[in-house]
Amino acid sequence: MKEKLHTKVLIIGSGPAGYSAAIYAARAALEPILVTGIQPGGQLTVTTDVENYPGFADVIQGPWLMEQMHAQAKHVGTQIVTDHISKVDFSKRPFVCIGDSGTEYIGETVIICTGAQAKWLGIPTEKKFQGFGVSGCATCDGFFYRNKKVMVIGGGNTAVEEALHLTNHASHVTVVHRRDSFRAEKILQGRLFENPKISVIWDSALEEVLGTENPLSVTGARLKNLKTNALTDVAVDGIFVAIGHAPNTALFKGILDMDEEGYIKTIPGTTNTNIAGVFAAGDVQDKIYRQAVTAAGTGCIGALQASKLLVEHK
């Protein structure tokens, strides 16, 4: 017989948004259940140094921060379940979600915190040096490259914005794009071309990340010209892959309103989706900021809104 778990607040996902929602919901005596998903802790579990999360004067580790949030959520009364939601029914309240384990999770409200993932190129050395010179977030890691040379891979808005941001820290930024023109908005392109700290290499792709073994550290990039197949090595201290992010929202397609990129639409200033009682928080609905602190903030908002709705419908 399938196990059924009932709760006033069901939280799907366990990054900063999910754990923050759990902490606030538990402190409101709503006895939330949090289903971790396949990557407990989200993107921060693959982030090494975290220097911009408020409250810590020294550099902390992403996995450690997630362990602390997990422990805090559990301490205040959250039931944390290691499972992955594979099916949802939001047609009526209470909402029903089915886990890979076969367990039915029945929630009076649901807060979706499934996050997003940076898109990667998929080359072996890219994965090898992730967190050791290869990054998917200039806002998160640009600070570590003060007065150093860095490279940005991509040609859309994300790549151009990342390159412009990195000029605040790096001595020089090289942008590498597969084509001979950018897809980014013209106003962003204008800013990039006017910046003396940025140069562009066209018609090229990252073939290999070059670096040292002990310690793991990036020293350069091997580029392949897609027209001539010629290989060129460029010395850089860091490589930022900026080919976009993909929100983890396939489960909710056709159920919740989303934008053209698959991010869940919420009413501005809230975490309300188009279905009353279903909320979305964190990177699953935020394609602009994508920071741990903003995700945590919207997780808090989601819990407070869920609590308010439960009181109104009591």
Side-chain angles (χ1 to χ4, degrees), residues 43-44 46-53 59 62 116-121 123 125-179 181-212 216-223 232-246 283 286-295:
Q43 293 183 74
L44 274 182
V46 292
T47 302
T48 50
D49 294 346
V50 175
E51 209 168 22
N52 57 3
Y53 198 85
V59 177
Q117 293 180 325
K119 294 179 182 177
W120 298 100
L121 298 168
I123 60 178
T125 48
E126 172 193 56
K127 185 173 180 62
K128 175 181 177 179
F129 287 99
Q130 276 180 30
F132 299 94
V134 172
S135 171
C137 179
T139 311
C140 310
D141 300 328
F143 181 78
F144 300 111
Y145 296 91
R146 285 170 292 176
N147 302 316
K148 294 184 177 182
K149 294 179 180 180
V150 298
M151 180 175 286
V152 175
I153 310 296
N157 282 352
T158 299
V160 174
E161 288 170 351
E162 299 261 281
L164 290 168
H165 175 80
L166 285 165
T167 60
N168 296 321
H169 307 288
S171 61
H172 188 78
V173 180
T174 302
V175 180
V176 177
H177 185 38
R178 300 177 62 85
R179 300 178 178 85
S181 62
F182 288 129
R183 293 174 285 107
E185 295 171 0
K186 293 298 182 182
I187 190 170
L188 290 175
Q189 292 189 43
R191 292 172 187 163
L192 182 143
F193 292 132
E194 290 171 3
N195 196 307
K197 294 177 74 174
I198 300 177
S199 60
V200 182
I201 298 177
W202 303 107
D203 302 313
S204 298
L206 180 64
E207 183 80 1
E208 183 181 352
V209 178
L210 307 176
T212 58
L216 276 178
S217 179
V218 168
T219 59
R222 180 160 294 159
L223 305 178
T232 305
D233 291 352
V234 179
V236 290
D237 302 292
I239 298 174
F240 291 82
V241 179
I243 56 176
H245 284 72
D283 289 7
D286 170 24
K287 62 181 178 182
I288 299 174
Y289 303 107
R290 297 194 300 265
Q291 299 298 301
V293 67
T294 52

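A quick note: this is a predicted structure, and the numbers were derived from the prediction, not measured.
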Taking [X] for the side chain and [Y] for the main chain, is one N or O donor matched with an acceptor at less than 3.5 Å?
X	Y	value
Glu208	Arg222	no
Asn157	Glu185	yes
Asn168	His165	yes
Glu126	Val209	no

What pair of heavy atoms forms the shortest contact from [X] to [Y], and how long is it?
X	Y	result
Leu192	Ala163	CD1-CB, 4.2 Å
Thr174	His172	OG1-CD2, 3.6 Å
Val175	Gly154	CG1-O, 3.6 Å
Ala184	Gln189	O-NE2, 2.7 Å
Asp283	Ala295	OD1-CB, 4.4 Å
Glu162	Gly136	OE1-O, 4.0 Å

Mind checking ring pair (Phe, Tyr, Trp, His ring centres under 6.0 Å) for His245 and listing every partner two or more places apart, or none if nothing turns up? none
Report yes if the side chains of [X] and [Y] come closer than 4.5 Å at any heavy-atom pair, otherwise no.
X	Y	result
Ile153	Ile239	yes
Phe182	Leu188	no
Ile198	Leu164	yes
Thr139	Tyr289	no
Val176	Leu206	no
Val293	Tyr53	yes

Can you establish whether the number of heavy atoms outside Lys127 located under 6.0 Å from its atom NZ is more than 12? no
State which residues pass side-chain contact (heavy atoms from CB on, under 4.5 Å) with Thr212; sequence neighbours excluded, sorted by chain then number. Ser217, Thr219
Which value, rounded to the nearest 0.5 Å, describes the distance between Asp233 atom CG and Glu207 atom CD? 10.5 Å
Roughly how far, to the nearest 0.5 Å, is CG of Leu223 from CG of Asp203? 12.0 Å
Side-chain donor/acceptor pairs under 3.5 Å, residues 142-152, sequence neighbours excluded:
from, atom 1, to, atom 2, distance (Å)
Arg146, NE, Phe143, O, 3.2

What verdict does the side chain to side chain contact (heavy atoms under 4.5 Å, CB included) test give for Cys140 and Gln291, after you've listed the backbone C-alpha separation in whole Å, the side-chain angles of each residue and the deciding distance to 0.1 Å? CA-CA 8 Å; Cys140 310; Gln291 299 298 301; 4.0 Å; yes
Side chain to side chain contact (heavy atoms under 4.5 Å, CB included) assessment of Val173 paired with Phe240: CA-CA 10 Å; Val173 180; Phe240 291 82; over 6 Å; no
